[in-house]
Chemist: 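Quick one: the structure is below, and I'll ask about it shortly.
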Amino acid sequence: MANRHLARSVAMQTLYEWDFRGQPSAIVPALVEENLKEFAPHLKDDGFSLELVNGAIDNQKEIDELIQKYAPQWPLDQITLVDRNILRLGIFELKYSPNIPAKVAINEAIELAKTYGGQSSGRFVNGVLGAIYKNMVERGELKEIDKLPPAS
């Protein structure tokens with residue numbers, strides 16, 4: 001498993017645990033450290049997992065509003081913990097992380113959903129993130145990294 005993908009798995013597991021415990025922000029750094037030791041003891045992620053977790057939490061209000069807007073048939077509290085936190089992570093990377101291309105954010109979130117979610121999680125995550133991305137394109141809200149020509 002590639003380092004960044006493994007770091008995203010640790011971030012998702014941390015967000016899951018944080019959400020399951022009632023969202024106590026004070027324990028986030030300890031959760032990330034504990035999950036890195038348990039699930040990726042040899043990973044040198046240079047703070048990437050913590051950056052993802054903090055970014056998703058810091059932008060949670062806006063992210064959750066986007067989830068509700070783009071998955072209106074699914075109230076936030078009825079989305080499984082795994083899917084909800086994969087979406088939070090994916091939306092953070094898609095909209096707020098300046099160095100992560102949109103297609104990478106979407107693909108990584110889909111892979112996490114296929115690995116950790118239920119049978120239809122990959123399609124659900126793809127549908128929500130794809131709709132958000134389409135809206136970003138239509139509104140001219142792409143990040144600078146997504147405006148660059150593709151590398152050859």
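Note that this is a predicted model, so its numbers are computed, not measured.
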Chemist: With a 4.5 Å cut-off on side-chain heavy-atom distances among I, L, V, M, F, W and Y, is there a chain of contacts connecting I132 to L76?
Modeler: yes
Chemist: By salt bridge (charged side-chain N to carboxylate O under 4.0 Å, His left out), which residues pair with K103, not counting sequence neighbours?
Modeler: none
Chemist: Is any side-chain heavy atom of L112 less than 4.5 Å from a side-chain heavy atom of H5?
Modeler: yes
Chemist: List in chain and number order the residues that pass side-chain contact (heavy atoms from CB on, under 4.5 Å) with K114, two or more places apart in sequence or in another chain; answer none if no residue qualifies.
Modeler: I110, E111
Chemist: For side-chain contact (heavy atoms from CB on, under 4.5 Å), just list the numbers for I86 and L89, CA-CA rounded to whole Å, side-chain angles, deciding distance to a tenth of an Å, and then say yes or no.
Modeler: CA-CA 5 Å; I86 290 171; L89 186 59; 5.7 Å; no
Chemist: Would a distance-only check, ignoring hydrogens and angles, find a side-chain to backbone donor-acceptor pair under 3.5 Å from K143 to A102?
Modeler: no
Chemist: Does the side chain of L15 reach to within under 4.5 Å of the side chain of I57, using non-hydrogen atoms?
Modeler: yes
Chemist: Can you see which heavy atom on G90 is nearest to which on A105, and at what distance?
Modeler: O-CB, 4.1 Å
Chemist: With sequence neighbours left out, what residues match P98 under side-chain contact (heavy atoms from CB on, under 4.5 Å)?
Modeler: none
Chemist: Hey, is CD on Q119 packed in by over 12 heavy atoms from elsewhere, all under 6.0 Å?
Modeler: no
Chemist: Side chains of Y96 and I63: closer than 4.5 Å at any heavy-atom pair?
Modeler: yes
Chemist: Hey, does S9 have a side-chain heavy atom less than 4.5 Å from the side chain of F39?
Modeler: no
Chemist: Looking at side-chain heavy atoms only, is the closest gap between S49 and L36 below 4.5 Å?
Modeler: yes
Chemist: With a 4.5 Å cut-off on side-chain heavy-atom distances among I, L, V, M, F, W and Y, is there a chain of contacts connecting L87 to F20?
Modeler: yes
Chemist: Between N85 and W18, is the side-chain contact (heavy atoms from CB on, under 4.5 Å) condition met? List the steps.
Modeler: CA-CA 10 Å; N85 286 294; W18 163 82; 4.3 Å; yes
Chemist: Just to verify, what does N54 make a side-chain contact (heavy atoms from CB on, under 4.5 Å) with, not counting sequence neighbours?
Modeler: V28, L50, D58
Chemist: Under 3.5 Å, side chain of N135 to main-chain N/O of A131, donor-acceptor pair present?
Modeler: no
Chemist: Considering all heavy atoms of both residues, which atom of P101 and which atom of D146 are nearest to each other, and what is their separation?
Modeler: CA-OD1, 3.3 Å
Chemist: Output all residues satisfying side chain to side chain donor-acceptor pair (under 3.5 Å) with Y16, sequence neighbours left out; order by chain, then residue number.
Modeler: none
Chemist: In Å and rounded to the nearest 0.5 Å, what is the NZ to CD distance from K69 to E62?
Modeler: 13.5 Å
Chemist: Applying salt bridge (charged side-chain N to carboxylate O under 4.0 Å, His left out), name anything that partners E65, two or more places apart in sequence or on another chain.
Modeler: K61
Chemist: Check step by step if side-chain contact (heavy atoms from CB on, under 4.5 Å) holds for I100 and R4.
Modeler: CA-CA 11 Å; I100 306 296; R4 286 278 173 124; 3.8 Å; yes
Chemist: As an exercise, state the distance from CG of L94 to OH of Y133, rounded to the nearest 0.5 Å.
Modeler: 8.5 Å
Chemist: Tell me the salt bridge (charged side-chain N to carboxylate O under 4.0 Å, His left out) pairs involving residues 36-47, sequence neighbours left out?
Modeler: E33-K37
Chemist: Please list all pairs passing the salt bridge (charged side-chain N to carboxylate O under 4.0 Å, His left out) test where one or both residues lie in residues 89-102, with sequence neighbours left out.
Modeler: R8-E93, K95-E141
Chemist: If you look only at pairs with a residue in residues 19-29, which of them pass as a salt bridge (charged side-chain N to carboxylate O under 4.0 Å, His left out), with sequence neighbours excluded?
Modeler: E17-R21, D19-R84, D19-R88
Chemist: Kindly work out whether a path of hydrophobic side-chain contacts (I/L/V/M/F/W/Y, heavy atoms less than 4.5 Å apart) joins I145 to V104.
Modeler: no
Chemist: Please report, to 0.1 Å, the donor-acceptor pairs under 3.5 Å made by any side chain of residues 121-130, with sequence neighbours excluded.
Modeler:
from : atom 1 : to   : atom 2 : distance (Å)
S121 : OG     : D83  : OD1    : 2.8
S121 : OG     : D83  : OD2    : 3.1
S121 : OG     : G118 : N      : 2.7
S121 : OG     : G118 : O      : 3.4

